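Bear in mind that the values here come from a model prediction, so they are computed numbers and not experimental data. Starting from 1, each residue takes its place in the sequence as its number.
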Amino acid sequence: MKASTVIAFGSSSPAVLRQQRCVRVAAVASPPPPRGRTAVQACQQQPQEQQQGRQLAASRRSVLALPASLAAAAALAALPARPAAALVIPPAGFRYHEDKLDGYSFFYPEDWQPVTTSGNDVFYRNPFNVEENLFVNVSSPSSSKYASVGDLGSPSGAAARIQQQYLEEFMSTRLGVKRTAEVVSAEERTGKDGQLYYDVLTRVRSYASRNQLAVTQAEIEEGVVLEWDRIYLTVLGVAGKRLYEFRLQAATAAFEKDSDRLLRIARSFQCREVSTA
């Protein structure tokens with residue numbers, strides 16, 4: 001009886017034993033498929049669950065970011081509204097010049113040309129008449145602290161300083177040359193922008209003697225002739241603690257014939273404070 005039992009266990013071949021072990025290992029490694037769905041359905045549902053998770057995370061981030069966006073919108077709404085820049089249409093025969101960096105603007109004749117080598121902030125000249133030009137000078141913000149053009153004193157006081165400035169500016173070292181400056185008018189004006197301006201009209205003449213080598217003063221004066229006679233229309237304004245000077249030059253004869261047009265150019269000048277923000 002015992003011998004038969006030993007023979008029964010010993011009769012199992014090594015191949016049969018390996019097959020049994022492989023069956024047991026496969027049974028443990030492969031769990032039963034889920035009830036109610038196939039393996040293909042399980043594989044298809046896994047990406048859907050991942051997509052739903054990403055959508056949930058995105059919606060959560062949107063909810064967290066909502067208060068910040070609302071705060072930003074409230075901050076923008078609290079800022080003062082900036083008026084839209086108005087379109088400036090110059091009169092017929094004129095062009096419009098605006099310097100947004102330094103904060104000024106004016107009209108100028110459409111046939112005048114810019115000059116970039118004058119050393120001024122801006123310079124225009126009449127290519128058909130060398131005596132007609134205009135330019136703008138602006139003081140440095142670090143060296144001037146003007147509150148208004150009234151800091152220059154009265155219009156007549158400002159005109160007296162301009163008169164002296166012209167005499168020094170046009171002083172000549174030539175023999176027998178003499179320059180004179182006369183203040184024709186000086187008045188204050190409130191521009192269309194509500195700013196206060198000083199308008200100063202100055203007449204400057206240049207005389208020269210033909211007898212430059214004469215011995216006596218009487219002989220020099222006998223040969224004196226008028227070289228040129230010009231009108232200088234200066235507009236002074238203050239904005240942002242800076243002094244603005246607009247100067248228009250023309251021959252006196254041309255100014256007398258066309259004073260309305262030239263005055264229109266000068267009085268179109270406006271200056272304004274420039275935001276540094």
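Under the 3.5 Å distance criterion, with hydrogens and angles disregarded, no donor-acceptor pair is assigned to the side chains of R242 and S139. A donor-acceptor pair shorter than 3.5 Å can be found between the side chains of N120 and N137.
Using a 4.5 Å cut-off between side-chain heavy atoms of Ile, Leu, Val, Met, Phe, Trp and Tyr, with links allowed through other members, L167 and W228 fall into different hydrophobic clusters. Residue F170 is grouped with residue V200 when hydrophobic side chains (ILVMFWY) are merged at heavy-atom distances under 4.5 angstrom, including chains of intermediate members. Under a hydrophobic clustering in which Ile, Leu, Val, Met, Phe, Trp and Tyr are joined whenever their side-chain heavy atoms come within less than 4.5 Å, directly or via other members, V224 and V204 fall into different clusters. Clustering ILVMFWY residues whenever any of their side-chain heavy atoms sit less than 4.5 angstrom apart, transitively, puts Y198 in the very cluster that holds I162. Under a hydrophobic clustering in which Ile, Leu, Val, Met, Phe, Trp and Tyr are joined whenever their side-chain heavy atoms come within less than 4.5 Å, directly or via other members, V115 and Y104 fall into different clusters.
The two residues S268 and F107 have their closest heavy-atom pair at OG-N, 2.9 Å. Here the closest heavy-atom approach between residue L226 and residue S206 is recorded as CD1-O, 3.5 Å. For the residue pair A181 and Q163, the shortest heavy atom distance occurs at O-NE2, 2.7 Å. Annotation for R247 and T234: closest pair CG-OG1, 4.2 Å, computed over non-hydrogen atoms. Considering all non-hydrogen atoms of both residues, A186 and A159 come closest at CB-CB, 3.7 Å. For L236 against V149, the heavy-atom pair with the smallest separation is O-CG2, 3.8 Å.
E187 has no carboxylate O lying under 4.0 Å from a charged side-chain N of R189, or vice versa, which leaves the two without a salt bridge. Electrostatic pairing of E98 and R272 counts as a salt bridge here, judged by a charged N lying under 4.0 Å from a carboxylate O.
Within a 6.0 Å sphere centred on OH of Y146, heavy atoms belonging to other residues, nucleotides or ligands number 12 at most.
Taking the side chain as every heavy atom from C-beta outward, V274 and L101 never approach each other to under 4.5 Å. Between I265 and P109 there is a side-chain heavy-atom pair separated by less than 4.5 Å. Proximity of F246 to C271: side-chain heavy atoms (C-beta onward) are nowhere separated by under 4.5 Å. In this structure, P114 and H97 have side chains that are not in contact, with every pair of non-hydrogen atoms separated by 4.5 Å or more.
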Ignoring hydrogens and angles, write down the donor-acceptor pairs under 3.5 Å from the side chains of residues 252-263, residues two or more places apart or on other chains.
unit_1, atom_1, unit_2, atom_2, d
T252, OG1, D229, O, 3.3
T252, OG1, D229, OD1, 2.8
T252, OG1, R230, N, 3.4
D258, OD2, R261, NE, 2.5
D258, OD2, R261, NH2, 3.3

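Once rounded to the nearest 0.5 Å, the distance linking CG of N133 with CG of L248 reads 7.5 Å. Rounding to the nearest 0.5 Å places OG of S140 at 12.0 Å from CG of L243. In this structure, CD on E227 lies 4.5 Å from CZ on R174, to the nearest 0.5 angstrom. For the atom pair OH (Y96) and CD1 (I89), the distance works out to 12.0 Å, reported to the nearest 0.5 Å. Here the CZ-CD distance, from F269 to E245, works out to 9.5 Å after rounding to the nearest 0.5 Å. To the nearest 0.5 Å, atom CD of residue Q165 and atom OG1 of residue T202 are 9.5 Å apart.
Classification of the F123-F135 ring pair by plane angle, with boundaries at 30° and 60°, yields parallel. A parallel orientation is assigned to the rings of Y108 and Y124, their planes being inclined by less than 30° (bins at 30° and 60°).
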### Message
Test side-chain contact (heavy atoms from CB on, under 4.5 Å) on E110 and F94; report intermediate values, then the result.
### Response
CA-CA 5 Å; E110 62 181 0; F94 291 91; 6.0 Å; no
### Query
Are L134 and W112 close enough, and set up right, to give a side-chain contact (heavy atoms from CB on, under 4.5 Å), and what steps lead you there?
CA-CA 10 Å; L134 64 84; W112 286 24; 3.7 Å; yes
### Task
Test side-chain contact (heavy atoms from CB on, under 4.5 Å) on V122 and D99 and set out the steps.
CA-CA 9 Å; V122 67; D99 190 320; 5.9 Å; no
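Partners of T180 according to the side chain to side chain donor-acceptor pair (under 3.5 Å) rule, which considers only residues two or more places apart in sequence or in another chain, do not exist here.
Side chain of Q249 to main chain of E131: a donor-acceptor pair is present (N/O by atom type, distance under 3.5 Å, no hydrogens or angles). Between the S144 side chain and the K241 main chain, a donor and an acceptor come within less than 3.5 Å of each other.
Between Y244 and F106, the distance from one ring center to the other does not fall under 6.0 angstrom.
For residues 140-164, the set of pairs meeting the salt bridge (Lys or Arg N to Asp or Glu O under 4.0 Å) definition, not counting sequence neighbours, is empty.
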